[in-house]
Q: 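I am attaching a structure below and will ask some questions about it afterwards.
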Amino acid sequence: MLAKIRAIYHYLWALGGALYYRFPAHQLTVIGVTGTKGKTTTVELLNAILESPKTKTAIASTLRFKIGEKSEQNLLKMTMPGRAFLQRFLRQAVSAGCRYAIIEMTSEGARQFRNRFIDLEVLIFTNLAPEHIESHGSYEKYLEAKLSIARELTHSRKLNPTLIVNGDDRVADRFLALSVKNKIIYRRRDASPYTTTELGTNFTWRGKRIHTRLPGLFNLMNVLAAITCVDHFGVSRTNIRRAVEGFNNVRGRMERVEAQDINQKWPSFSVIVDYAHTPDSLREVYQTFPDRPKIGVLGGTGGGRDVWKRPVMGTIASEHCRLIILTNEDPYDESPEAIANDLVRGIKRTPYKIIMDRRLAIRTALREARDGEVVVVTGKGTDPFIMGARGRRQPWDDMTVVREELMKLQANEAISDA
């Protein structure tokens with residue numbers, strides 16, 4: 001009974017917001033992006049290709065909220081905020097003269113009907129991996145939440161509602177079976193031949209040779225998702241190539257700094273900050289640097305959820321890292337030490353340290369790094385807070401802390417030399 005009351009409550013908020021803000025999605029080309037991984041990068045790529053001096057765009061994502069030239073970091077710890085937030089956001093986008101609105105759509109948002117009454121022109125499905133299992137009840141229910149977002153295309157009032165699907169994903173057929181007017185499939189082979197290194201990827205698409213600075217095969221799939229969408233809109237392939245090749249990176253997603261950029265006297269090691277919060281994504285990040293020793297700084301998962309994947313992520317880290325440093329992430333009301341111990345259960349033979357202070361953990365990793373190594377800090381990306389017990393929030397940004405600690409180490413070395 002309580003679940004039904006909550007469902008009615010959230011549905012009424014969605015409907016009321018749409019009515020109050022006069023269904024703003026009708027006046028925009030709305031692109032939704034859903035999936036377990038790659039949503040934020042795909043959204044930013046779409047924006048980079050579609051945005052121009054003559055074309056305004058809006059973004060609502062895990063990373064930021066942007067309307068035209070105004071952008072602010074998403075500090076809400078929610079990709080899809082409730083209480084009619086998205087309807088208000090879309091109305092503001094209309095008022096600002098935006099043509100496109102690009103929205104990350106999550107399974108948690110769908111459970112609370114936050115995607116309802118937002119008529120989509122296009123929905124991109126990137127991939128599906130086990131995630132949010134406890135909150136949804138099962139993997140099948142998690143998948144069903146994603147499918148419910150795609151089903152909204154069948155009710156869209158847009159003339160050409162289109163579903164764009166990663167055909168290489170294991171559940172692609174479930175999405176392609178939906179009775180959506182237009183369905184487009186993209187696959188990795190669409191980019192063949194391709195080569196990827198830690199510095200970027202070269203691939204061929206529609207007869208054009210393209211370079212992206214985004215490393216890894218997972219990012220190649222993000223690029224394919226974005227360019228398949230804008231190709232559907234009729235953006236010229238010359239403009240697509242130019243935008244992709246000019247795209248640098250996304251904050252907190254394979255964000256990189258070189259130690260010698262801070263101090264030429266230091267060993268030549270790299271530091272990578274990435275959101276990687278699932279076993280698959282953690283493995284993919286590590287595999288981007290196949291020939292370099294790695295130090296992994298990770299915290300498992302947020303407290304009270306997805307407990308199953310903690311030892312799995314410990315195992316993955318032990319398979320790829322020479323040293324693992326386990327630290328605090330978002331424990332909420334769970335014991336941070338208990339989360340770390342769950343990770344330890346998966347570690348095989350690899351040396352590890354448990355340092356609950358995340359700043360100290362990062363500092364230790366930087367001190368331990370040797371010439372040619374990679375320090376990989378995962379789990380937070382650009383998350384603006386470390387969430388503790390009883391709603392306590394500690395302001396945070398992994399890359400900011402990395403740079404601060406590099407600078408401190410530099411200063412300490414200068415004092416020692418003196």
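In what follows, every heavy atom counts, from backbone to side chain, and hydrogens, waters and symmetry copies are set aside. This chain uses plain numbering: 1 for the first residue, then up along the sequence.
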Q: Go through the structure and list residues passing side chain to side chain contact (heavy atoms under 4.5 Å, CB included) with Q27, not counting sequence neighbours.
A: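 In terms of side chain to side chain contact (heavy atoms under 4.5 Å, CB included), with neighbours along the sequence ignored, Q27 is linked to R91, V94.
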Q: Considering residues at least two apart in sequence or located in another chain, which fulfil the salt bridge (charged side-chain N to carboxylate O under 4.0 Å, His left out) criterion with E284?
A: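 Salt bridge (charged side-chain N to carboxylate O under 4.0 Å, His left out) list for E284, sorted by chain: K37.
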Q: Shortest non-hydrogen contact from M105 to I118?
A: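 In terms of heavy atoms, the two residues are closest at CE-CG2, 4.4 Å.
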Q: Cut-off 3.5 Å, side chains only: do E121 and T29 have a donor facing an acceptor?
A: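 There is no such pair (donor and acceptor under 3.5 Å, judged by atom type) between the side chains of E121 and T29.
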Q: Which residues pass the salt bridge (charged side-chain N to carboxylate O under 4.0 Å, His left out) test with E72, sequence neighbours left out?
A: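 E72 satisfies salt bridge (charged side-chain N to carboxylate O under 4.0 Å, His left out) with no other residue.
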Q: Could you list all the salt bridge (charged side-chain N to carboxylate O under 4.0 Å, His left out) pairs where at least one residue sits in residues 179-193, not counting sequence neighbours?
A: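 Checked against salt bridge (charged side-chain N to carboxylate O under 4.0 Å, His left out) - neighbours excluded - the pairs reaching residues 179-193 are D168-R187.
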Q: Under 6.0 Å from the OH atom of Y352, do we count more than 12 heavy atoms belonging to anything else shown?
A: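 Counting other residues, nucleotides and ligands, OH of Y352 stays at 12 neighbours or fewer.
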Q: What heavy-atom pair brings G109 and M80 nearest, and what distance separates the two atoms?
A: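 What the structure gives for the nearest pair is CA-SD, 4.0 Å.
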Q: Applying side chain to side chain donor-acceptor pair (under 3.5 Å), can you list everything that pairs with D173, at least two apart in sequence or on another chain?
A: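 For D173, no residue satisfies side chain to side chain donor-acceptor pair (under 3.5 Å) once neighbours in sequence are set aside.
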Q: Is the shortest side-chain N to carboxylate O distance from R390 to D333 below 4.0 Å?
A: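 So R390 does not pair with D333 through a salt bridge.
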Q: Once the angle between the rings of F117 and Y11 is folded into 0 to 90°, is it parallel (under 30°), tilted (30 to 60°) or perpendicular (over 60°)?
A: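 Taking Y11 first and then F117, their aromatic rings stand perpendicular (interplane angle over 60°).
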Q: Closer than 4.0 angstrom, basic N to acidic O: yes or no for E144 and R151?
A: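 Salt bridge present between E144 and R151.
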Q: If we ignore angles and hydrogens, is there a donor and acceptor under 3.5 Å between the side chains of Y142 and T36?
A: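 There is such a pair (donor and acceptor under 3.5 Å, judged by atom type) between the side chains of Y142 and T36.
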Q: Applying salt bridge (charged side-chain N to carboxylate O under 4.0 Å, His left out), which residue pairs with at least one partner in residues 213-223 are found, sequence neighbours left out?
A: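 Of all non-adjacent pairs touching residues 213-223, none passes salt bridge (charged side-chain N to carboxylate O under 4.0 Å, His left out).
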Q: Decide side-chain contact (heavy atoms from CB on, under 4.5 Å) for M313 and T378; before the verdict, give the C-alpha distance in whole Å, the side-chain angles of both, and the deciding distance to 0.1 Å.
A: CA-CA 11 Å; M313 295 179 82; T378 55; 6.0 Å; no
Q: Going by distance alone, is a donor N or O of one side chain under 3.5 Å from an acceptor N or O of the other, for T106 and E108?
A: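 Looking only at side-chain atoms, E108 and T106 do not form any donor-acceptor pair under 3.5 Å.
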Q: Evaluate salt bridge (Lys or Arg N to Asp or Glu O under 4.0 Å) for K380 paired with E329, printing each intermediate quantity in order.
A: CA-CA 7 Å; K380 294 294 292 177; E329 201 163 283; over 6 Å; no
Q: Going by side chain to side chain contact (heavy atoms under 4.5 Å, CB included), name the residues that satisfy it together with E51, two or more places apart in sequence or in a different chain.
A: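 Result, side chain to side chain contact (heavy atoms under 4.5 Å, CB included) vs E51: N47, T57, K66.
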Q: Within the supplied structure, the quantity of interest is the number of heavy atoms (other residues, nucleotides, ligands) at a distance under 6.0 Å from R6 CZ; does it exceed 12?
A: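 Atom CZ in R6 is not crowded, with 12 or fewer foreign heavy atoms closer than 6.0 Å.
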Q: Going by atom types only, do S71 and R64 share a side-chain donor-acceptor pair under 3.5 Å?
A: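 Present: a donor and an acceptor within the cut-off.
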Q: Ignoring hydrogens and angles, write down the donor-acceptor pairs under 3.5 Å from the side chains of residues 18-25, residues two or more places apart or on other chains.
A:
none

Q: Between E337 and S335, does the side chain to side chain donor-acceptor pair (under 3.5 Å) criterion hold? Intermediate values first, please.
A: CA-CA 5 Å; E337 291 79 10; S335 162; 3.2 Å; yes
Q: Can V401 and R358 be said to form a side-chain contact (heavy atoms from CB on, under 4.5 Å), step by step?
A: CA-CA 9 Å; V401 172; R358 192 172 178 93; over 6 Å; no
Q: Let me know which of V122, D119, I103 forms a side-chain contact (heavy atoms from CB on, under 4.5 Å) with V30.
A: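 Single pass found, and it is I103.
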Q: Start with the C-alpha distance between K294 and E198, add both sets of side-chain angles, then the distance that settles salt bridge (Lys or Arg N to Asp or Glu O under 4.0 Å), and finish with yes or no.
A: CA-CA 13 Å; K294 290 170 279 291; E198 64 179 76; over 6 Å; no
Q: Applying side chain to side chain contact (heavy atoms under 4.5 Å, CB included), name anything that partners P193, two or more places apart in sequence or on another chain.
A: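 With neighbours one apart ignored, the set is T204, R209.
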Q: With sequence neighbours excluded, what pairs up with L76 under the side chain to side chain contact (heavy atoms under 4.5 Å, CB included) test?
A: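 Applying side chain to side chain contact (heavy atoms under 4.5 Å, CB included) to L76 gives F65, N74, M78, P81, F85.
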Q: Which heavy atom in A340 sits nearest to a heavy atom in I354, and how many Å separate them?
A: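 Heavy atoms only, the tightest pair is CB-CG2, 4.1 Å.
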Q: List the atom of P161, the atom of L153, and the distance in Å for their closest heavy-atom pair.
A: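 Scanning both residues completely, I find the closest heavy atoms to be CB-O, 3.6 Å.
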Q: What is the minimum heavy-atom distance between Y286 and G296, and which atoms define it?
A: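 Nearest pair, atom of Y286 first, then G296: OH-CA, 3.9 Å.
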Q: Is the distance between the ring centroids of Y9 and F113 under 6.0 Å?
A: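 Not close enough - the centres of the two rings lie 6.0 Å or further apart.
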Q: Where do E44 and R251 land on the salt bridge (Lys or Arg N to Asp or Glu O under 4.0 Å) test, with the steps shown first?
A: CA-CA 10 Å; E44 291 292 337; R251 283 221 62 220; over 6 Å; no
Q: Side chain to side chain donor-acceptor pair (under 3.5 Å) for T34 and K146? Distances and angles first, verdict last.
A: CA-CA 7 Å; T34 196; K146 295 291 189 185; 3.3 Å; yes
Q: Does S95 have any side chain to side chain donor-acceptor pair (under 3.5 Å) partners at least two apart in sequence or in another chain, and if so, which?
A: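 Checked S95 against side chain to side chain donor-acceptor pair (under 3.5 Å); zero matches.
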Q: Any idea which heavy atoms bring G17 and A84 closest together, and the distance?
A: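 In terms of heavy atoms, the two residues are closest at CA-CB, 3.6 Å.
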Q: Please list, chain by chain and in numerical order, all residues satisfying side chain to side chain donor-acceptor pair (under 3.5 Å) with H155, sequence neighbours excluded.
A: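 Once residues adjacent in sequence are excluded, H155 has no partner under the side chain to side chain donor-acceptor pair (under 3.5 Å) criterion.
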